[in-house]
Amino acid sequence: MKHIIFLTILLIATKGNGQIEKQTKMDTIKTERFKKGWEKLKEIDGEAGEKVIESLKDISPELGTFIIEYAFGDIYIREGLDLKSKEIAVVSALTAMGNAQPQLKVHINGALNTGSTINELKEVILQMSVYSGFPSCINAMNSLKEVLNEREKQGIKDTIGDFSNTPIADRLKTGELELSKLDSTQVEKLKIAYNEFSPELVQFVLEYGYADIFSRDNLEKKYRQIATISALTALGTAESQLKFHINAGFNIGLTETEIKEIMLLMTVYSGFPSAINGMNVLKKVVNDRNSNK
């Protein structure tokens with residue numbers, strides 16, 4: 001009987017040691033993930049990001065851990081899209097959503113830390129007036145102003161960047177030209193769809209969206225499409241327009257990998273449903289382009 005009891009205790013102890021070893025291994029993996037995420041957070045957002053994590057310690061430390069491990073340890077650490085492009089995507093998405101001003105300020109900081117100039121960020125925000133309206137654009141521009149004032153007080157001297165020098169003699173013709181650079185058939189499609197029902201809409205899309213905004217030459221076309229794709233994915237309300245701008249992204253040189261990374265990045269900021277929907281639109285575009293080759 002004593003022999004049986006001894007064997008039972010030994011079995012339980014052995015099983016327990018195995019569970020402890022398994023848990024220790026899991027904790028080690030978690031620690032490595034956390035460590036990589038923490039380093040990436042500091043690289044991008046610096047002190048602003050650290051303050052966000054610190055503010056969560058007394059209410060939900062788990063949330064802080066998930067932010068570090070998933071957002072920065074799993075997503076930002078990926079190499080398919082450079083950090084400057086990622087932060088431009090996030091600034092545009094948060095501007096368009098318009099419901100996360102503190103987080104927008106953190107990522108404006110991050111964008112400045114990863115190579116964006118002041119004027120490039122102004123351009124990204126101005127561009128969002130086309131997709132999410134002037135109120136969200138005004139609020140984001142005020143956030144940029146606040147961030148720049150805070151950084152100046154800290155002794156940080158940010159690069160102003162280039163100013164737009166695009167002369168516009170005829171806004172309508174300029175708009176047609178800019179839209180045609182993204183897709184040579186789109187001007188005609190726009191006119192066929194709306195010229196009879198609402199010619200003013202065609203005029204304003206071309207004159208404001210593409211002449212006044214897209215023709216400005218102090219933000220690369222690559223970044224303009226990254227900003228638009230991320231904003232439309234985050235908003236989740238304009239599938240046909242997202243499809244067009246994914247196509248346009250391919251036309252001006254974005255890769256499938258880069259656009260996939262935008263969708264994965266949006267899981268952090270607008271959630272998995274919008275990212276899934278965006279990835280499905282991307283899949284349709286890729287399939288359509290492959291079938292038309």
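Since we're looking at a predicted model, the values are computed, not measured.
- Of the inter-residue distances, the one linking Q225 atom CD with S85 atom OG reads 12.5 Å to the nearest 0.5 angstrom.
- Between E32 and K36 there is no salt bridge, since no side-chain nitrogen of the basic residue lies less than 4.0 Å from a carboxylate oxygen of the acidic one.
- The six-membered or imidazole ring of H245 lies away from that of F250, with a centre-to-centre distance of 6.0 Å or more.
- In the model, Y70 has a side-chain atom that pairs as donor or acceptor with a side-chain atom of T267 under 3.5 Å.
- For H107 against Y76, the heavy-atom pair with the smallest separation is CE1-OH, 3.5 Å.
- Counting only heavy atoms from C-beta outward, the side chains of N113 and K42 never approach each other to under 4.5 Å.
- A donor-acceptor contact under 3.5 angstrom links the side chains of Y208 and S129, judged on distance only.
- The pair K35-E39 fails the salt-bridge criterion, with no side-chain N (NZ, NE, NH1 or NH2) lying under 4.0 Å from an Asp/Glu carboxylate O.
- The environment of I192 atom CD1 is dense: over 12 non-hydrogen atoms of other residues, nucleotides or ligands sit within 6.0 angstrom.
- Between E176 and K191 a salt bridge is recorded (basic side-chain N to carboxylate O distance below 4.0 Å).
- Using a 3.5 Å distance cut-off with no hydrogens or angles, the side chains of S92 and S230 do pair a donor with an acceptor.
- At a threshold of 4.5 Å between non-hydrogen side-chain atoms, the residues F66 and L56 do not count as touching.
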